Amino acid sequence: MYMNKILPVFLIWVSIGSLFAQPKTVEVLGYEANQNAPLPFAKKNKDGQTIYDSRVFGSPKFFPGMIITASGEEIEGDIAVFNNTSDWDFVKRAIVIIPNGEDKGQYLGSGSVILINQKKKKEEVFYDYYDGIYLQRLVSGRLRLSYNPAAGNSKKISSFIGKSFLDSLTSNVVKKSIKQDLSNGKSLQESLEKAKLKSDLINVASDIEIVEKEYLLYDSVTEKLVAITEDNYAQVMTEYVKGCTSFNEKKLKDYKKINEVIQQINNECL
């Protein structure tokens, strides 16, 4: 009798939990060992297959979501993201995606994907391709806010890949069907390299030098990237709140509220 009462609750918990992190062991196609984005706990079996075990404590887990590839195609599936031990947590360098309807994982390194979306239990997480890395967003919307991974040095960084650039790139390429490639046993990495898009994306020209900055602000409409510091924060934000009667400009005096301010601007002023 007691078991009958708790069984439905248990089944509900299992079904909800299955929508989120998915620990599993999976064969991965397209992976070659590298130092920039190694797959932790990945091993070769006797057949030469690369096996990734996300059940190991501390290894990145799979979450449902979608990616947009360098060729502009959207693929849904279970996604795990990877960095190396020297990276900040908000910086990722590669993914493994198990496309919906497939049982094998696909390894994609830097430059193969322009957008990653993971749907976790309490939030959706977005990563944008950004000069050889995938950078986690702090705020999404027309204005995207991210931490600056190059704070404290003078490394030049490419801007986010804007829609106009992607459109001009893909218009000059005969787009192969990635799904067709998958059915033929090819990896996503092979498919994208055939389209000769990977190197083109990595070589996007940079028009901004980041020196001791804290945040990066990207306007997805104007496709402008701005480095935000405490010194220029109020000046940059003032341009976006002109004529926005619901916004209290006193908020611009508190640099620590930058996330809240940009979210309000996205929701009420743009």
Side-chain angles (χ1 to χ4, degrees), residues 17-70 75-138 146-151 155 157 178 182 185-193 198 201-202:
S18 66
L19 295 175
F20 303 113
Q22 300 289 312
K24 61 186 71 179
T25 301
V26 64
E27 178 185 351
V28 178
L29 302 178
Y31 175 68
E32 297 294 336
N34 67 78
Q35 296 301 313
N36 286 332
L39 290 184
F41 312 109
K43 297 180 179 180
K44 290 278 188 180
N45 64 17
K46 62 181 180 180
D47 296 323
Q49 300 166 330
T50 298
I51 306 298
Y52 173 64
D53 190 350
S54 70
R55 300 171 303 174
V56 178
F57 179 78
S59 62
K61 300 299 186 284
F62 288 94
F63 292 91
M66 71 88 181
I67 61 173
I68 297 178
T69 71
I75 301 175
E76 296 183 345
D78 290 336
I79 303 164
V81 294
F82 302 88
N83 57 6
N84 62 36
T85 55
S86 64
D87 289 326
W88 296 101
D89 188 56
F90 56 85
V91 173
K92 307 300 178 184
R93 295 182 182 270
I95 70 165
V96 171
I97 180 171
I98 307 171
N100 288 345
E102 303 290 328
D103 59 4
K104 295 180 181 179
Q106 299 279 345
Y107 176 88
L108 292 173
S110 175
S112 301
V113 175
I114 62 172
L115 176 68
I116 303 165
N117 171 217
Q118 287 183 308
K119 298 178 180 178
K120 298 187 176 183
K121 186 174 182 179
K122 295 182 178 180
E123 62 179 342
E124 284 193 74
V125 180
F126 292 88
Y127 296 90
D128 298 288
Y129 176 71
Y130 188 82
D131 191 42
I133 60 174
Y134 300 108
L135 187 60
Q136 184 177 346
R137 291 186 204 169
L138 299 173
S146 302
Y147 285 123
N148 171 26
K155 176 188 175 188
I157 311 179
I178 287 180
L182 288 177
K186 295 180 181 177
S187 71
L188 291 178
Q189 195 79 35
E190 288 177 305
S191 178
L192 291 169
E193 286 175 353
K198 186 177 178 183
L201 289 174
I202 291 175

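A quick note: this is a predicted structure, and the numbers were derived from the prediction, not measured. Position 1 is the first residue of the sequence, and the numbers go up from there.
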Enquirer: First locate atom CG of L29, then atom CD of E102, and finally report the distance between them rounded to the nearest 0.5 Å.
Expert: 9.5 Å
Enquirer: Q118 pairs by side chain to side chain contact (heavy atoms under 4.5 Å, CB included) with which of F126, F62, F63?
Expert: F63
Enquirer: Just to verify, which of I116, L108, D128 counts as forming a side chain to side chain contact (heavy atoms under 4.5 Å, CB included) with Y134?
Expert: I116
Enquirer: Let me confirm one number: the NZ-CG distance from K119 to D78, rounded to the nearest 0.5 Å.
Expert: 11.5 Å
Enquirer: Which heavy atom of L115 sits nearest a heavy atom of R137, and at what distance?
Expert: CD1-NH2, 3.4 Å
Enquirer: Compare every heavy atom of L135 with every heavy atom of S146, then report the nearest pair and how far apart it is.
Expert: CB-CD2, 3.6 Å
Enquirer: Roughly how far, to the nearest 0.5 Å, is the CD1 atom of I98 from the CD atom of E76?
Expert: 14.5 Å
Enquirer: I'd like to know if the side chain of D47 reaches the main chain of Q49, judged simply by a donor and an acceptor atom lying under 3.5 Å from each other, with no hydrogens or angles considered.
Expert: no
Enquirer: Please name all residues satisfying side chain to side chain donor-acceptor pair (under 3.5 Å) with N100, sequence neighbours left out, ordered by chain then number.
Expert: none
Enquirer: Answer yes or no: is there a donor N or O on one side and an acceptor on the other, between the side chain of K24 and the main chain of S54, under 3.5 Å?
Expert: no
Enquirer: Among residues at least two apart in sequence or on other chains, which ones pass side chain to side chain donor-acceptor pair (under 3.5 Å) with K44?
Expert: T50
Enquirer: Would you say that P40 contacts F82 through its side chain, given a criterion of any heavy-atom pair below 4.5 Å between the two side chains?
Expert: yes
Enquirer: Without swapping roles, check the side chain of Y52 against the backbone of V28 for a donor-acceptor pair under 3.5 Å.
Expert: no
Enquirer: Applying side-chain contact (heavy atoms from CB on, under 4.5 Å), can you list everything that pairs with K43, at least two apart in sequence or on another chain?
Expert: none
Enquirer: Which distance, rounded to the nearest 0.5 Å, do you find between the CG of N45 and the CD1 of I51?
Expert: 4.5 Å
Enquirer: Once side chain to side chain donor-acceptor pair (under 3.5 Å) is applied, do any residues pair with N117, and if so which ones, sequence neighbours excluded?
Expert: E124
Enquirer: Whether the side chain of K92 engages the backbone of F90 through a donor-acceptor N/O pair (distance < 3.5 Å, no angle test) should be reported.
Expert: no
Enquirer: Would you name the heavy atoms of P99 and I75 that are closest together and state the gap between them?
Expert: CB-CG2, 4.1 Å
Enquirer: Do I133 and V91 pass the side chain to side chain contact (heavy atoms under 4.5 Å, CB included) test, and can you show the C-alpha distance, the side-chain angles, and the key distance before you say yes or no?
Expert: CA-CA 7 Å; I133 60 174; V91 173; 3.9 Å; yes
Enquirer: Applying side-chain contact (heavy atoms from CB on, under 4.5 Å), can you list everything that pairs with D103, at least two apart in sequence or on another chain?
Expert: none
Enquirer: Identify, with sequence neighbours excluded, every residue that meets side chain to side chain donor-acceptor pair (under 3.5 Å) alongside R93.
Expert: D87
